[in-house]
Amino acid sequence: MPATAASSAPTNNLYPSAITADDSMHWADVVAKELTSTKDEHLISAGISPTGFIHVGSLREAVTAETVRKALADRDADVRMIYLIDSYDPLRRRYEFLPDSFEDEVGRPISDIPCPYGCHDTYAGHFIKPFMDSMDDLGIDCEIFWTHELYRRGEFADAIDASFQRHDRVLEILSTVTGRSMPEGFYPFSPLCSACGRFSNGEVTGYEYPLVSYRCVCGEEGEVDIRKGEGKLSWRLEWPAKWAIFGVTCEPFGKDHAAAGGSYDSGIRLVREVFDAEPPKPIPYEFIQLKGKGQMHKSTGSAVSGVDALRMTPASVFSYTIARVNPERHIDYDSEMGILDMVDEYDRVERMYYESGATDKDEDLVRAYELSQPHGPREDMPMQIPYRHLVNVVQISKDFDDILETLRRTEDLGGISVNELKTLEERVDCVKYWLNAFAPEQVKYSIAEEMPDIGLSDAEAGFLSRLREELQGCDWEGDVIHNTVYETAKEEGLGAKKGFQALYRIFIERRNGPRMGYFLATLDRDFVLRRIAEAASA
RNA sequence: GGGCCCGUAGCUCAGCUAGGUAGAGCAUCUGGCUUUUAACCAGGUGGUCCAGGGUUCGAAUCCCUGCGGGCCCGCCA
């Protein structure tokens with residue numbers, strides 16, 4: 001243990017002051033209010049290091065930032081948002097999913113490493129592309145920067161120069177804040193070795209603007225030009241350097257950076273004492289956890305990627321699940337049945353938004369809804385077809401047209417507008433994706449195309465035969481059908497339970513399923529009658 | 001060693017930063033319909049508010065101390 005001591009280890013006070021509601025307000029409005037209390041011009045920054053698979057959690061930062069941006073815009077502040085892709089970060093090690101040959105790429109910037117799957121320009125590009133599409137879906141309004149371009153354009157040159165000029169101060173800050181002593185000859189700058197193409201873990205041997213001389217672990221000795229991006233600042237310096245370069249006034253970041261003695265703490269001092277600028281207002285946020293599965297990692301890929309999250313619910317629903325809770329609270333993301341609850345709540349709050357039935361209690365939720373609309377709320381309330389219902393409809397229909405037809409059997413879609421059609425189609429796609437990849441087996445089934453080869457007892461066949469007659473004449477409505485099934489099963493002496501089961505077996509080859517009457521009502525009547533007849537005579 | 005979040009109904013959480021005898025959604029149960037079945041409506045059941053102390057006329061709420069869970073702290077959001 002370094003001697004510098006735990007006794008001086010700082011305690012930070014990030015959280016208590018971070019988001020404090022002085023009255024009942026949505027957290028983003030509280031942040032916006034605080035920000036505008038000093039000035040009206042703001043720059044929100046967020047970013048990501050695309051060194052591997054990007055999971056749901058990574059979206060929290062972007063959504064949090066966007067939510068604050070909207071809240072600021074609603075207060076007529078002059079606000080912009082930037083999103084930095086840390087494309088100049090080195091590959092730290094050869095992850096499991098990478099081919100053996102990538103052993104060679106370790107230490108090189110991910111902007112220089114080829115796409116491991118051969119489908120994008122670079123390694124960074126491969127992992128960031130789908131994420132950028134997600135950002136589009138979420139309607140995140142920001143300007144995107146790639147750090148490797150910033151470095152190569154020399155944007156970091158002044159900051160790098162300052163970190164050399166004030167090297168002693170830098171070391172003092174780092175050792176004080178982290179409570180660790182800095183290793184001999186430590187410089188928070190890694191030259192990009194001209195021989196091996198890696199960020200040298202060797203030595204910095206000298207500096208005279210704009211050249212840094214170095215000795216790489218590969219044996220190479222040389223000089224790099226800080227104006228040409230031939231080297232990079234280490235994270236603890238790079239972050240405050242970005243604040244200074246762009247003039248960032250507000251930034252959300254994960255709790256890993258928020259720990260006492262962590263990079264935000266050192267950043268505060270570095271930005272003031274080395275880069276002569278002020279730190280942004282911090283919005284530390286907790287992580288998203290997968291329900292029952294714990295933490296996610298970029299290096300291993302995750303059970304739920306950011307793209308997955310936006311494919312199983314519409315973007316607005318996802319944003320809502322982020323915006324509805326304070327950033328410092330962790331979120332349990334339940335990709336199974338929880339998805340249905342999530343969308344149900346969203347629909348409920350949507351109704352409150354448009355029908356103004358919200359109580360004080362729900363105000364924050366309604367505001368979260370408003371802030372979660374990628375391009376602002378619509379004029380009129382969108383048509384709501386419950387997710388749970390769609391889960392059935394999707395499974396019994398062939399394609400989208402068929403889905404519309406199925407829906408028309410039980411609901412009056414009237415003259416559905418183009419907008420509504422789009423919304424519905426989006427939901428349908430999400431439901432399909434969810435069913436395919438995340439839904440528990442419990443809710444999955446498919447209509448047997450042909451009469452399944454199951455042995456029905458005489459009693460069951462008799463019941464079905466009689467049921468067919470009864471159904472032939474009845475109104476084709478859920479409750480009517482359901483009652484008919486029940487009554488018939490009882491009258492035939494089979495009992496309700498066995499009667500229902502027989503039907504489940506001949507239609508979906510299971511012993512349970514959606515509520516029978518309503519389920520049959522969504523199916524084509526002739527098909528139902530034909531199948532029952534077939535089963536009865538088999 | 002340090003930091004953060006959480007612990008309230010079976011589950012997910014509000015309520016805590018103006019202390020005043022516990023709320024929502026989902027689940028469950030009942031009724032609508034003599035119905036185990038996953039759309040709908042109405043109603044009901046359901047809680048030692050983690051524990052112990054303190055402040056107070058009064059504490060889920062404020063303070064202290066523990067316990068339990070999750071996570072972070074030399075580039076994992």
Side-chain angles (χ1 to χ4, degrees), chain A residues 1 5-7 9-16 18 20-24 46-49 51-52 54-62 64 86 89-90 92 174 178-180 182-183 234-236 238-239 252-263 265-266 284-289 291 294-300 324-326 328-332 334 337-338 340-342 344-345 348-349 359 361-362 364-365 385-386 388-393 410-411 442-443 478-480 482-483 485-487 489-490 496-497 499-501 503-504 511-519 521-522:
Chain A
M1 280 302 285
S7 63
T11 52
N12 71 10
N13 203 25
L14 262 188
Y15 288 94
T20 304
D22 44 9
D23 45 322
S24 171
I48 192 170
S49 177
T51 49
I54 299 179
H55 50 68
V56 233
S58 312
L59 287 170
R60 185 169 199 176
E61 178 160 314
T64 302
D86 290 333
D89 287 0
R92 309 247 296 294
L174 289 178
T178 64
R180 298 162 193 272
M182 294 293 111
S234 64
W235 166 248
R236 289 231 181 209
E238 186 179 280
W239 195 21
F253 50 87
K255 60 132 156 240
D256 50 340
H257 298 313
S263 49
D265 278 357
S266 55
Y285 60 90
E286 264 284 347
F287 290 174
I288 293 176
Q289 316 214 31
K291 182 168 178 142
Q295 202 64 359
M296 295 176 273
H297 298 278
K298 279 183 188 167
S299 56
T300 52
R324 67 187 285 278
V325 288
N326 281 56
E328 72 259 29
R329 260 190 102 96
H330 87 259
I331 294 175
D332 275 324
D334 178 1
M337 292 308 274
L340 302 181
D341 293 341
M342 206 186 279
D344 274 354
E345 176 176 328
R348 191 170 55 86
V349 175
T359 61
K361 217 179 207 171
D362 297 318
D364 283 357
L365 293 180
I385 304 282
R388 285 170 206 276
H389 187 40
L390 280 180
V391 168
N392 286 321
V393 173
T410 53
E411 346 229 341
Q442 174 71 12
V443 300
D479 51 352
V480 176
H482 201 83
N483 283 334
V485 171
Y486 173 76
E487 297 291 350
K490 209 183 121 190
K497 183 169 185 158
F500 281 109
Q501 283 185 350
L503 287 167
Y504 286 122
R511 284 175 188 280
N512 54 24
R515 291 190 77 190
M516 186 53 76
Y518 305 89
F519 170 65
T522 59

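Only a predicted model underlies this, so the values are computations on that prediction, with no experimental measurement involved.
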(Q) Between A:Arg388 and A:Val443, is there a side-chain heavy-atom distance shorter than 4.5 Å? (A) no
Q. If you look at every strand shown and take non-hydrogen atoms under 4.0 Å, does A:Asp341 touch a base, only sugar-phosphate, or nothing?
A. sugar-phosphate
**Q.** B:rA18 - base-pair partner by Watson-Crick or wobble geometry, distances under 3.5 Å
**A.** none
Q) Using a cut-off of 4.0 Å between protein heavy atoms and nucleotide atoms, how would you tag nucleotides 40-46 of chain B 5' to 3' with B, S and -? A) B------
(Q) Between B:rG2 and B:rU65, how many Å separate the two P atoms, rounded to a whole number? (A) 13 Å
Q. Any side-chain donor-acceptor pair under 3.5 Å between A:Thr51 and A:Asp89?
A. no
Q. When rounded to the nearest 0.5 angstrom, what distance separates NE2 in A:His55 from CD1 in A:Ile288?
A. 9.0 Å
Q. Which whole-number value in Å describes the distance from A:His330 NE2 to B:rG3 P?
A. 21 Å
Q.
Using a heavy-atom cut-off of 4.0 Å across all strands, would you classify A:Gly338 as base, sugar-phosphate, or nothing?
A. nothing
Q) Heavy atoms under 4.0 Å, any strand shown: does A:Glu238 hit a base, just sugar-phosphate, or nothing? A) nothing
Q: Round to a whole Å and report the spacing from CD of A:Glu328 to P of B:rC16.
A: 14 Å
Q.
Under 4.0 Å, counting only non-hydrogen atoms across every strand here, what does A:Val391 touch: a base, just sugar-phosphate, or nothing?
A. nothing
Q. If each of A:Pro514 and A:Val325 is mapped to the nucleotide of RNA chain B with the nearest heavy atom, which maps nearer the 5' terminus, i.e. the 5' end?
A. A:Val325
Q. Using the glycosidic torsion, which applies to B:rA42: syn (within 90° of 0) or anti (everything else)?
A. anti
Q: Look at the side chain of A:Arg92 and decide which nucleotide, out of B:rA24, B:rC75, B:rC71, has an atom nearest to it.
A: B:rC75
Q) Is there a side-chain contact between A:Arg324 and A:Val349, using heavy atoms and a 4.5 Å cut-off? A) no
Q) Roughly, in whole Å, what's the span from CG in A:Asn326 to P in B:rA14? A) 8 Å
Q: Side-chain contact test, heavy atoms from C-beta onward, threshold under 4.5 Å: evaluate it for A:Glu61 versus A:Ile48 and give yes or no.
A: no
Q. So which nucleotide from B:rC71, B:rA38, B:rG2 ends up closest to the side chain of A:Ala260?
A. B:rG2
**Q.** Complement of B:rG23, any strand, by Watson-Crick or G-U distances under 3.5 angstrom
**A.** B:rC13
Q: Kindly point out which of B:rG3, B:rC71, B:rC13 is positioned nearest to the side chain of A:Asp332?
A: B:rC13
(Q) How many whole angstroms separate atom NZ of A:Lys255 from atom P of B:rC75? (A) 17 Å
(Q) Taking any heavy-atom pair under 4.0 Å as a contact, classify A:Phe519: base, sugar-phosphate, or nothing. (A) nothing
Q.
Classify A:Ser263 by what it touches in the nucleic acid, base, sugar-phosphate, or nothing, heavy-atom distance under 4.0 Å.
A. nothing
Q: Determine the Euclidean distance between corresponding C1' atoms of B:rU8 and B:rA22; express it in Å to zero decimal places.
A: 8 Å
Q | Nearest-angstrom distance from the residue atom CZ of A:Arg60 to C1' of B:rC76 | A | 17 Å
Q | Check: A:Lys255 main-chain N/O paired with A:Glu286 side-chain donor or acceptor under 3.5 Å | A | no
Q.
Looking at B:rG43, which nucleotide sits across from it as a Watson-Crick or G-U wobble partner, both distances under 3.5 angstrom, or is there none?
A. B:rC29
Q. A:Ser266: what forms a side chain to side chain donor-acceptor pair (under 3.5 Å) with it, not counting sequence neighbours?
A. A:Arg236
Q. So what's B:rC71 paired with, Watson-Crick or G-U wobble, going by both distances under 3.5 Å?
A. B:rG3
Q: Determine the interatomic distance between C1' on B:rG52 and the same-named atom on B:rG7; round to the nearest Å.
A: 16 Å
Q: Please determine, for the side chain of A:Arg348, which listed nucleotide (B:rG2, B:rC4, B:rA24) has the closest atom?
A: B:rA24
**Q.** Among B:rU36, B:rC72, B:rA24, the nucleotide that comes nearest once only the side chain of A:Ala259 is considered
**A.** B:rC72
Q: Considering only atom P, compute the distance from B:rG25 to B:rU17 and round it to an integer number of Å.
A: 25 Å
Q. Could you state the CZ-P distance from A:Arg324 to B:rA24, rounded to the nearest angstrom?
A. 16 Å
Q: Output yes when a side-chain donor or acceptor of A:Tyr504 lies under 3.5 Å from a complementary backbone atom of A:Pro514, and no otherwise.
A: yes
Q. Between A:Trp235 and A:Asn392, which is nearer to the 5' end of RNA chain B once each is assigned its nearest nucleotide?
A. A:Asn392
Q.
If I take atom CG in residue A:Asp265 and atom P in nucleotide B:rC4, what distance separates them, rounded to the nearest angstrom?
A. 11 Å
Q) Taking the P atom of each, how far is B:rG1 from B:rU48, in whole Å? A) 35 Å
**Q.** Value in whole Å for how far the C1' atom of B:rA27 lies from CG of A:Leu340
**A.** 13 Å
(Q) Using the P atom as the point on both nucleotides, what is the distance between B:rG47 and B:rA24, in whole Å? (A) 15 Å
Q: Measure the acute angle between the ring planes of A:Trp239 and A:His257, then classify it against the limits of 30° and 60° as parallel, tilted or perpendicular.
A: tilted
**Q.** Integer angstrom distance from the C1' of B:rC40 to that of B:rG3
**A.** 50 Å
Q) Quick one: is A:Arg329 getting a side-chain N or O under 4.0 Å of the B:rA14 phosphate, OP1 or OP2? A) yes
Q) In whole Å, what separates the P atom of B:rA38 from that of B:rC29? A) 9 Å
Q: Report yes if some heavy atom in the side chain of A:Asn392 is under 4.5 Å from a heavy atom in the side chain of A:Thr522; otherwise report no.
A: no
